[in-house]
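If you're wondering where the values come from, they're calculated on a predicted model, not measured in any experiment.
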Amino acid sequence: MKKTAFSLVLILGLAAASCSGTDGANNATETSSGSDAPATASLNIRYINEDSILSNYNLAKDVQEATLRAYSKLSSAEQSKGGEIQRFGQQIQEKMQSNGYLSQASYDADVAKFNKMQQDAQNYLASLQRTTEQELAAQQQQLNDSIESFIKAYNADKGYDAILRRSAGFYFNPALDITQEVIEGLNARYNKVSESK
């Protein structure tokens, strides 16, 4: 009798467990299909090729030309100062070889002048380089601000969730490329600014 009672308790226990398991499964199914589940949202993303923008945006071309001119000016100044110092150094050497110095004091004065020319040239070129770098940094900032400002205004009309740079990823669907539209918009805005000056 004890054996039968134990078996009956075991069967009732298993039946109760399977019933509560079924109810638990139904509850889990209801919860997962309920309104609390997160909805998968699709993002509306586009991208631009920054290299193409820098090659085709008129302001970027102007900044690049200004950069080349500035470095050319710096190079010319270095050559000019270097040539001037070199000529004076040759004069000292020729004068020394031809016994043109009548005293050690006159030779020392020319050497001191030569050294001062070198120091002045270094200071001038360092100052010119700092000024050039500051001007170029300001122009680069203007270019970056112009592109960023346009992208924000452009996106205000389009309503994209994100506009990425092409360099931000390995692959983008070419259909998402808005580079040409952005270049055209940037140039239209830049030309209007240029015409109004």
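- At a threshold of 4.5 Å between non-hydrogen side-chain atoms, the residues Lys61 and Ser55 do not count as touching.
- Both Leu176 and Leu43 are members of a single hydrophobic cluster when ILVMFWY side chains are connected at heavy-atom separations under 4.5 Å.
- Side-chain atoms of Pro174 and Tyr171, non-hydrogen and from C-beta on, do get closer than 4.5 Å to each other.
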- Query: Could you walk me through whether Gln122 and Gln118 pass the side chain to side chain donor-acceptor pair (under 3.5 Å) check?
  - Reply: CA-CA 6 Å; Gln122 286 176 352; Gln118 285 183 316; over 6 Å; no
- Message: Could you go through Arg189 and Ser149, starting from their C-alpha distance and side-chain angles, then the distance that decides it, and tell me whether this counts as side-chain contact (heavy atoms from CB on, under 4.5 Å)?
- Response: CA-CA 11 Å; Arg189 185 177 71 170; Ser149 170; 3.5 Å; yes
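- Counting only residues at least two apart or in different chains, ring-ring contact (aromatic ring centres under 6.0 Å, His included) contacts with residues 105-127 comprise Tyr101-Tyr107.
- Checking Ser52 against Arg166 by side-chain atom types alone, no donor-acceptor pair falls below 3.5 Å.
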- Task: Kindly determine whether Ile48 and Ile183 satisfy side-chain contact (heavy atoms from CB on, under 4.5 Å), including the steps that lead there.
- Result: CA-CA 9 Å; Ile48 55 171; Ile183 291 169; over 6 Å; no
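- Here the CD1-OH distance, from Ile147 to Tyr190, works out to 12.0 Å after rounding to the nearest 0.5 Å.
- With a 4.5 Å cut-off on side-chain heavy atoms, Thr179 and Val182 do not count as touching.
- One hydrophobic cluster, built from ILVMFWY side chains closer than 4.5 Å, cannot hold both Ile163 and Tyr47; they sit in different ones.
- Taking Gln139 as the reference, nothing meets the side-chain hydrogen bond (donor to acceptor under 3.5 Å, both in side chains) condition, with sequence neighbours excluded.
- Taking all atoms of both residues into account, the shortest heavy-atom contact from Ser146 to Tyr57 is OG-OH, 2.6 Å.
- Using a 4.5 Å heavy-atom cutoff, the side chains of Phe172 and Asp177 are not in contact.
- In this structure, Ser167 OG and Asn49 CG are separated by 8.5 Å, a value rounded to the nearest 0.5 Å.
- For the side chain to side chain donor-acceptor pair (under 3.5 Å) test with Asn144, the passing option among Glu148, Gln141, Gln140 is Gln140; the others fail.
- Atom-to-atom distance recorded for Asp145:CG and Leu59:CG is 10.5 Å, nearest 0.5 angstrom.
- Note that the CZ atom of Arg165 and the CD1 atom of Ile151 stand 9.5 Å from one another [nearest 0.5 Å].
- Residues Leu128 and Met117 do not share a hydrophobic cluster, clusters being chains of Ile/Leu/Val/Met/Phe/Trp/Tyr side chains in contact below 4.5 Å.
- Between Val63 and Leu136, the closest side-chain pair of non-hydrogen atoms is not below 4.5 Å.
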Let me check something: any side-chain donor-acceptor pairs from residues 68-95 under 3.5 Å, sequence neighbours excluded? List them with distances.
{"unit_1": "Ser76", "atom_1": "OG", "unit_2": "Ser72", "atom_2": "O", "d": "3.1"}
{"unit_1": "Arg87", "atom_1": "NH1", "unit_2": "Gly83", "atom_2": "O", "d": "3.4"}

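- Side-chain contact between Ile45 and Leu164 is present, with heavy atoms from C-beta onward closer than 4.5 Å.
- Lys116 places none of its side-chain heavy atoms less than 4.5 Å from the side chain of Lys113.
- Residues passing the salt bridge (Lys or Arg N to Asp or Glu O under 4.0 Å) test with Glu181 are Lys158, sequence neighbours excluded.
- The main-chain N or O of Asn56 is found under 3.5 Å from a side-chain atom of Asn187 such that the two form a donor-acceptor pair.
- Legend: residues meeting side chain to side chain contact (heavy atoms under 4.5 Å, CB included) with Asn44, ordered by chain and number and at least two apart, are Arg46, Tyr160, Asp161.
- For Asp157, there are no side-chain hydrogen bond (donor to acceptor under 3.5 Å, both in side chains) partners at least two apart in sequence or on another chain.
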